[in-house]
Every structure is written in structure tokens, then in C-alpha cells.
There are 2 protein chains.
Amino acid sequence: MGRGCGDCAARERAICAALPEPVLDAMYRMGRTELLRRGETLMWESDEALVVGTVRSGLLKLTASLDDGREQILGLAFPGDFVGRPFSARAGHCVTALADTRLCVFRRPSFDGFAREHPALEHALLGRVLDELDRARRWMLLLGRKSAPERVATLLLEIAERGGGEPGERVTLPLTRQQMADLLGLTIETVSRNMTRLKRSGTIHLPDTRSYVILDAAALALRSGG
Amino acid sequence: MGRGCGDCAARERAICAALPEPVLDAMYRMGRTELLRRGETLMWESDEALVVGTVRSGLLKLTASLDDGREQILGLAFPGDFVGRPFSARAGHCVTALADTRLCVFRRPSFDGFAREHPALEHALLGRVLDELDRARRWMLLLGRKSAPERVATLLLEIAERGGGEPGERVTLPLTRQQMADLLGLTIETVSRNMTRLKRSGTIHLPDTRSYVILDAAALALRSGG
DNA sequence: CGTGCGGTTGATCCGAGTCAAGCCAAGTGG
DNA sequence: CCACTTGGCTTGACTCGGATCAACCGCACG
């Protein structure tokens with residue numbers, strides 16, 4: 001696949017879907033495949049953002065932090081998701097791998113120029129960013145107004161839904177308890193306590209610490225607060 | 001100015017800036033001026049979103065709520081800002097006037113089609129939505145991790161900055177205490193207490209309940225937590 | 001084997017929520 | 001003119017949920 005990241009870009013479900021062939025070809029030549037090991041960081045909150053990219057496999061977190069180290073996860077990037085901040089020098093958040101992750105990476109200036117010349121790409125990007133904004137705003141409601149039990153219930157439902165499995169199926173949890181806490185604006189202890197509370201009430205089953213089964217979806221939805 | 005909202009659209013600083021004349025002309029014909037009185041709502045969280053628009057004058061809030069009435073303000077829309085959710089049937093949030101507001105409104109389906117045909121418009125929109133996403137994410141850090149005093153300090157700095165006046169200038173506060181609370185994920189009492197605490201410490205001055213003067217910007221920045 | 005990491009659980013603390021009272025300025029109606 | 005209401009705001013007393021501090025478990029790994 002030469003210098004670019006051919007089959008990588010070609011298989012992106014969101015950004016590249018619906019792009020005409022010649023546009024895709026040109027994109028191939030711009031992109032490079034990059035491997036990010038668990039824990040490594042693609043870009044920093046305060047640095048100039050030199051790249052954008054799409055996730056091929058693995059999982060990334062976007063985070064922002066306060067001076068004293070308090071951290072908030074702003075979102076996760078699953079395979080197919082776009083990361084980085086086009087048209088701006090600063091991303092405003094860190095991007096770090098939660099698992100070994102393969103990316104298709106573009107230098108930002110080239111990507112910006114390319115996007116400006118290809119409305120189909122900008123249209124796809126716009127749809128993607130609008131979805132992301134919706135998700136961020138729903139999360140603002142959770143962070144601003146939901147109680148700890150509601151937050152945990154919401155997260156479990158969301159992940160189960162995102163995975164798309166049958167109700168009653170085993171869901172794999174791609175996050176540690178600490179990462180759940182960082183996503184929910186809680187502490188690890190509070191997350192843990194609420195998980196065991198859900199377990200004891202028979203709402204969920206916990207085969208191991210990185211997966212769960214929803215036993216009573218209605219009860220979980222009730223606890224999620226709407 | 002006929003049926004459309006000619007000078008309205010023409011003067012939007014963000015969406016229409018950089019659009020070529022013929023595109024603007026076509027947009028004129030699509031848009032309608034609408035007046036929203038303080039407290040009236042343009043669209044509801046759960047309803048189908050039939051319109052999008054830009055704010056000419058006044059102030060709007062975007063909100064989401066839980067079943068039991070707890071409310072979170074997701075953002076404010078000042079003159080020039082775009083509101084609504086293009087390319088989707090559901091906005092996912094309410095849009096309500098905090099003051100009497102004039103809007104330039106477009107039926108969503110027409111706007112969507114028009115945007116698809118005019119890459120310059122989609123590009124402008126993309127830039128706007130990316131900024132909005134950045135802002136939402138910075139607010140997620142506040143909601144998830146900042147203490148009440150930090151939240152209040154952050155808001156006062158942000159509004160002062162957005163207004164762009166000199167340091168030491170009187171800043172008019174476009175929000176009631178309740179609205180500040182809804183924005184910060186706090187209660188009205190906590191906001192009030194922290195305002196008086198800042199006043200007593202000499203960090204700010206409060207000429208009346210709807211304006212303030214920053215006396216010690218450094219101290220305020222320090223209290224905002226980074 | 002120990003060591004470290006992720007997770008759980010308990011005891012305690014504290015910050016923000018809740019409940020309640022009261023202030024002040026701007027209506028409103030007699 | 002005054003009496004009364006209303007809405008926005010402040011303040012105090014108290015409660016409670018989630019943070020903090022600390023101990024401990026279980027397991028993978030050198």
C-alpha cells in the first residue's frame with residue numbers, strides 16, 4: 001500500500017463513506033498509518049495540533065485537565081471516529097490511547113487544504129462534528145445535573161447501546177474504573193460503590209471487572225434519571 | 001425588505017461572512033424574520049426540529065432537562081450565533097429567549113438542501129460548529145471537575161472576556177442568578193454565596209445584581225482553577 | 001515469592017444542596 | 001398616597017451525598 005495508508009482510509013466508515021473514488025485516492029496519498037501504544041499520546045492539550053486522523057482499531061480518550069491534575073474525559077474515539085481539530089492551531093484537549101491503536105494520520109495543514117477543495121469531505125466532517133456536539137451536550141446534562149447512581153446507570157446503558165448487542169448479552173467494558181470516573185466526573189470509589197450497588201440489587205451481573213450483563217434494563221433505565 | 005429577511009442575513013457576522021453575493025441573495029429569499037419574546041421557546045428538546053436560524057439581536061439559551069425538571073443550560077446564543085440542528089430531525093435541546101430576540105429563521109429542510117449546494121456555507125457552518133464543540137468540551141471540564149467557587153470565577157472571567165471591555169470596566173451580566181446556576185450546574189444559593197464571597201474578598205465589585213466589575217483579575221483567574 | 005496494579009469496602013469529612021426566612025425594588029390596585 | 005404582591009436575591013441552619021483517607025483483596029508478573 002505504498003507510502004500512504006490506502007486500505008486504512010478506504011475503510012473508514014464515516015469520513016470516507018460517500019466520498020467519490022478520485023477523492024479517496026488523493027486522500028490515500030496524504031495519510032500515514034501510525035501506531036499508538038496503550039498510554040501513548042497523539043496530541044497534548046496545550047501544544048500546537050499538527051495532525052488530525054481517523055481511528056482504524058483500538059480506542060482513544062480525549063481529555064482536558066486542570067492545573068492540579070484533576071482530569072475529565074471529554075469523549076472516546078472508537079474505530080472509524082475522527083480525532084483532532086481541523087482549521088485551528090489548538091485542539092484544546094489531549095488524545096491518548098486507552099488500548100493499542102492504529103490510526104490514519106494526516107498533517108493538519110494538508111488536510112485543511114484538501115478539505116476546503118472537497119466539499120463532499122467537508123460535508124461528511126460536518127455531519128460528524130454535529131453528532132459529536134450533540135453527544136457532548138447530552139454529557140453536559142449528566143455532568144451538571146445527574147447524581148452519581150444516575151451517572152453510572154447512564155454510562156452502562158450507553159456502552160451497551162453503542163455495542164449494539166442483544167439485551168441480556170455480556171457487554172465488554174473498554175474502561176477501567178478510574179476511566180469511568182474520569183468520564184463521569186466522579187471518583188473511582190464512588191463508581192465502584194455504585195457498580196456493586198447495582199449488582200446487589202440484581203440490576204446487573206458482573207462476570208469480571210471489565211464486563212457486565214444487564215439483567216433488568218427497565219430498572220437500569222429508571223435509575224439513569226432520563 | 002420583502003418576504004425574506006434581507007439585511008438580517010446580510011449582516012450575520014459568522015455564517016454569512018465570506019459568502020459570495022449571489023449565495024447571500026438566495027439565502028435572503030429563504031429566511032424569515034421572527035420575534036421571540038423573553039421566555040418564549042423556538043424549539044423543544046423532544047420535538048421535531050423544523051427550523052434553524054441565526055440570532056440578530058437579543059439572547060437565547062439552549063437547555064436540556066431531566067424528567068423531574070432539573071435543567072442544564074448547554075450554551076447561550078448571542079447575536080450572530082447560529083441555532084438549531086441542521087441535517088437532523090431532532091435538536092436534542094430547547095431553545096428559549098432570555099431577552100426579546102429577533103431571529104432570521106429558515107425551514108430546516110430548505111436550509112439543509114441549500115447548504116449542500118453551497119460549500120462556502122457548509123464551510124462556514126463547519127467552522128462554527130467546531131468552535132461550539134470546543135466550548136462545550138471546555139464546559140464539560142468545568143461541570144465535571146471544578147468546585148463551586150471555581151465555576152463562578154470562571155463564568156465571570158468568561159463573560160468579561162466575551163464582552164471584550166477593558167479590565168476594571170463594568171460588565172453587564174446577561175443572566176439572573178438562577179440562570180447562572182443552570183449554566184454552572186449549581187443551585188441559586190450556591191451562586192449567590194460565592195458572588196458575595198468574591199465581593200467581600202475585594203476580588204469583584206457588585207454595583208447591582210446584573211453587573212459587576214473585576215477589581216483583581218489575577219485573583220479571579222487564580223480562583224478559576226485553570 | 002514479593003510487588004504492583006486495579007478494584008472493593010469502611011470510616012470520616014466537607015462542600016454543596018435543601019429548607020426556611022427575610023430583604024429590596026418594582027409594580028398594582030385601592 | 002399607601003398597602004400589598006411579586007420576583008430576584010441574600011443569608012442562615014441543617015442535611016446529605018460524594019470526596020477523602022485508609023485498609024485490604026486478588027491477581028498477573030518479574
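Below, read A as the first sequence line, B as the second, and so on, with proteins coming before strands; counting in each chain starts at 1.
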Side-chain donor-acceptor distances from residues 40-49 of chain A under 3.5 Å, at least two apart:
from, atom 1, to, atom 2, distance (Å)
A:E40, OE1, A:R37, N, 2.9
A:T41, OG1, A:T96, OG1, 3.2
A:E45, OE1, A:S65, N, 3.1

All N/O contacts under 3.5 Å from nucleotides 28-30 of chain D to the protein, with atom names and distances to one decimal?
none

Without decimals, in angstroms, what is the distance between [X] [atom1] and [N] [atom2]?
X	N	atom1	atom2	answer
A:L175	C:dG7	CG	C1'	15 Å
A:L198	C:dG7	CG	P	16 Å
A:L206	C:dG7	CG	C1'	11 Å
A:L173	C:dG7	CG	P	9 Å
B:R210	C:dA25	CZ	P	16 Å
B:Q178	D:dG7	CD	P	14 Å
B:D208	D:dC9	CG	P	10 Å
A:R70	C:dG15	CZ	C1'	13 Å

By side-chain hydrogen bond (donor to acceptor under 3.5 Å, both in side chains), which residues pair with [X], not counting sequence neighbours?
X	value
B:T190	B:T187
A:S224	none
B:T154	B:K146

All salt bridge (Lys or Arg N to Asp or Glu O under 4.0 Å) counterparts of B:R162, not counting sequence neighbours: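 Per chain and number, B:R162 pairs via salt bridge (Lys or Arg N to Asp or Glu O under 4.0 Å) with no residue.
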For B:R151, all residues meeting salt bridge (Lys or Arg N to Asp or Glu O under 4.0 Å), sequence neighbours excluded: none
Sequence neighbours excluded - side chain to side chain donor-acceptor pair (under 3.5 Å) pairs with any residue from residues 82-91 of chain B: A:D131-B:R85, A:D134-B:R85
Strand contacts (DNA chain C) in residues 139-152 of chain A, 4.0 angstrom heavy-atom criterion: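 Under 4.0 Å from DNA chain C: no residue of residues 139-152 of chain A.
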Pairs flagged by salt bridge (Lys or Arg N to Asp or Glu O under 4.0 Å) wherever residues 204-226 of chain A is involved - sequence neighbours left out: A:R170-A:D208
Pair listing, salt bridge (Lys or Arg N to Asp or Glu O under 4.0 Å) test, anchored in residues 177-189 of chain A, at least two apart: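 Only A:D182-B:R145 qualify under salt bridge (Lys or Arg N to Asp or Glu O under 4.0 Å).
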Ring center gap for A:F87 and A:F111 short of 6.0 angstrom: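 So the answer is no for these two rings.
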Donor-acceptor pair under 3.5 Å, B:R193 side chain vs C:dT18 base: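 Answer is yes: a donor-acceptor pair is held.
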Contact under 4.0 Å: B:T209 side-chain N or O vs D:dG8 OP1/OP2: no
Strand-adjacent residues in residues 181-190 of chain A, judged by heavy atoms under 4.0 Å from DNA chain D: A:G185, A:L186, A:T187, A:E189, A:T190
CD1 on B:I159 to CG on B:L183, rounded to 0.5 Å: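 The CD1 atom of B:I159 is 7.5 Å from CG of B:L183, to the nearest 0.5 Å.
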